[in-house]
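Here is the structure we will look at.
Order of appearance sets the numbers: ligands from 1, and atoms from 1 within every ligand.
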Amino acid sequence: MSDKVIFEKGTQGRKGYTLPKLDVPYKEISSLIPENFIAENEKQLPEVSELDVIRHYSKLASKNFSVDSHLYPLGSCTMKYNPRINEELARLSGFVNIHPYQNEESQQGVMELIYLTEKYLCEIAGMDAFTLQPAAGAHGEYAAILMTRKWFELKNENRNSILVPDSSHGTNPASAAMAGMNVKQISSNENGTVNLEDLANHLDENTACFMMTNPNTLGIFENDIVKIAGMVHEKGGLLYYDGANLNASMGIVRPGDAGFDFVHINVHKTFSTPHGGGGPGAGPVGAKNELVKLLPVPRIVKNGERYAFNYDCPDTIGRMKAFYGNFSVLVKTLAYILTLGRENIKHVSEMAVLNANYMLTKLKTIFDIPYGDSCMHEFVASAVKQKEKGVNAADICKRLLDYGYHAPTVYFPLIVEEALMIEPTETESKETLDGFISAVEAIQAEINDNPEIVTSAPHTMPIKRLDGVAAARKPNLRWTP
Ligand SMILES: *Cc1c(COP(=O)(O)O)cnc(C)c1O
């Protein structure tokens, strides 16, 4: 990177602040500090002005790819535009300055917000109750598997097998394994959906739960879902819905109606919270009927016009998180739901599916599409043809950066060779989609004429190719003078 780090900028004695002169003798202060807390050497801190700081970080921020600056078709992640008004609402002083230790009487407003959000999510997912505690989708999955364990413990059944399709997101088997269960993989058929025969072969008295994403990670709707639910239930197992792809189907089909017993929803994907920078998300978990008693405590209840927290739930799995979840994310969720209303929530899914199909239809001539002639809100292309010319999916993604597009998800799901998983989202215009399609066409022309320009990409970024393995295995994130 050609730019200097902030430690290399500025000059000795330059400051970005003014404080009144210290009027307590240093000796007196230092005598109050325990010896082991006193620094031996003066710290080497940057000595820069406020303007130096502003320019430095603004410049770094401008190098970033984000939804605000670029199309970000990162499949499965739903990197759509999140309305700014929801940020404003989450920052209202009544929300920001409240403390979770306040008594219930003084926080009726936020309790109403939690209560309403649960109710709306119930309606959208077709569930009977929700907890908003889990902090992300994976955390929701973990909560769900803990509920699964408890469910069978209470029934005195010893089941420890969790089934996942071979197209499943890595967090599904990881959450199941973390909760101490055995994971078994179900193969996909030639349509990219669950192979019913393989499912039947794996279902037995040991099956605790089948975890599914619908539409699945190939962007294909599982048409046999009602039949699958019947098969799993007949063997006494539970059916769990990974709601990461709800952006394709909300307002149109409800997992609860399709036979799912419990779900998580990645509200930071579908319900308007910026994500990708590691910031807080939320993975509310919804449950039907008998499973409701297992949800984490406290449960929020409405007694007449007052809201209260109920901790008296003998069959609960306990707490999943301090207090009541990532509250500001839930404010955005409710704001988004109320702004759109029933009709527009459905319209979001319709537009997401339309945009993805438009892109799929245009890119079909360039990429191999191993599964599905049409798709839901995303599709998975394969760069196998390009690989024959020595260019792989990762090369194409690096070259897309030069054209001003964030890369799609690559090499996932694992069942597609050289996978490029593309999710344009509903918030993108036709012009933006056409721009991306033109960029892919231009890259294809380069692959035909001069593949080296693609395999050595990116050419316009601050850094070129990173050694991906070394960066993951031996990350060096610290600058030392
Ligand atoms: C994103 C995603 C998850 C994990 O969700 P997080 O909120 O990132 O923890 C699980 N399954 C699928 C299909 C996903 O896309």
Side-chain angles (χ1 to χ4, degrees), residues 67 72-80 82 121 125 131-146 162-179 183 185-186 188 192-194 209-222 239-250 255 260 262-286 320-321 325-326 329-330 332-333 352 356 371 375-380 408-416 419-425:
V67 179
Y72 206 132
L74 195 67
S76 215
C77 297
T78 311
M79 305 302 287
K80 63 189 188 183
N82 303 294
L121 292 180
T131 172
L132 308 181
Q133 267 185 41
H139 199 209
E141 293 165 21
Y142 183 61
I145 302 300
L146 295 180
I162 303 287
L163 309 181
V164 298
D166 57 5
S167 62
S168 78
H169 192 267
T171 52
N172 293 182
S175 306
M178 264 184 75
V183 181
Q185 196 166 289
I186 308 299
S188 300
T193 52
V194 171
C209 180
F210 185 27
M211 303 174 85
M212 286 180 76
T213 309
N214 196 21
N216 64 25
T217 62
L218 293 164
I220 299 172
F221 193 81
E222 298 276 355
L239 189 62
Y240 180 69
Y241 180 84
D242 173 337
N245 288 346
L246 199 64
N247 212 58
S249 60
M250 61 174 173
F260 285 96
F262 50 162
V263 309
H264 80 251
I265 296 178
N266 310 60
V267 298
H268 46 283
K269 291 179 180 172
T270 308
F271 296 98
S272 165
T273 283
H275 61 293
V285 169
M320 285 305 291
K321 195 174 186 311
N326 283 332
V329 176
L330 306 167
K332 294 176 220 179
T333 304
Y371 298 105
C375 62
M376 295 296 284
H377 68 311
E378 66 191 3
F379 62 94
V380 181
T409 298
V410 273
Y411 302 124
F412 172 71
L414 304 174
I415 57 175
V416 173
L420 290 157
M421 181 196 231
I422 301 175
E423 178 180 8
T425 81

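Checked by atom type and distance alone, the side chain of E378 never pairs as donor or acceptor with a backbone atom of G75 at under 3.5 Å. Looking only at distances, no side-chain donor or acceptor of D242 sits under 3.5 Å from a matching main-chain atom of T213.
Proximity of F379 to E423: side-chain heavy atoms (C-beta onward) are nowhere separated by under 4.5 Å. Side chains of M421 and P413 form a contact here, defined as non-hydrogen atoms less than 4.5 Å apart. Contact check for N245 versus N214: no side-chain heavy atoms found under the 4.5 Å cut-off. At least one side-chain heavy atom of P134 sits less than 4.5 Å from a side-chain heavy atom of V285.
Close approach of ligand 1 to K269 (heavy-atom distance below 4.0 Å) involves ligand atoms 1 (C), 2 (C), 3 (C), 5 (O), 14 (C), 15 (O). Numbered from 1 in the order shown, with element, the atoms of ligand 1 that lie under 4.0 Å from a heavy atom of S76 read 13 (C), 14 (C), 15 (O).
Of the heavy atoms in H268, only side-chain atoms (C-beta onward) come closer than 4.0 Å to ligand 1. The part of A244 lying near ligand 1 is the side chain, judged by heavy-atom distances below 4.0 Å.
Assignment of H275 to the shell around ligand 1 is not supported, since no heavy atom sits closer than 4.0 Å.
Closest to atom 5 (O) of ligand 1 among all protein heavy atoms lies N266 ND2, 2.8 Å. In terms of protein heavy atoms, atom 9 (O) of ligand 1 is closest to A138 N, 2.8 Å. Of all protein heavy atoms, the one lying nearest to atom 11 (N) of ligand 1 is D242 OD2, 2.5 Å.
Comparing heavy-atom distances from atom 6 (P) of ligand 1 across A282, G137, P413 singles out G137 as nearest.
Taking all atoms of both residues into account, the shortest heavy-atom contact from N216 to L218 is OD1-N, 2.9 Å.
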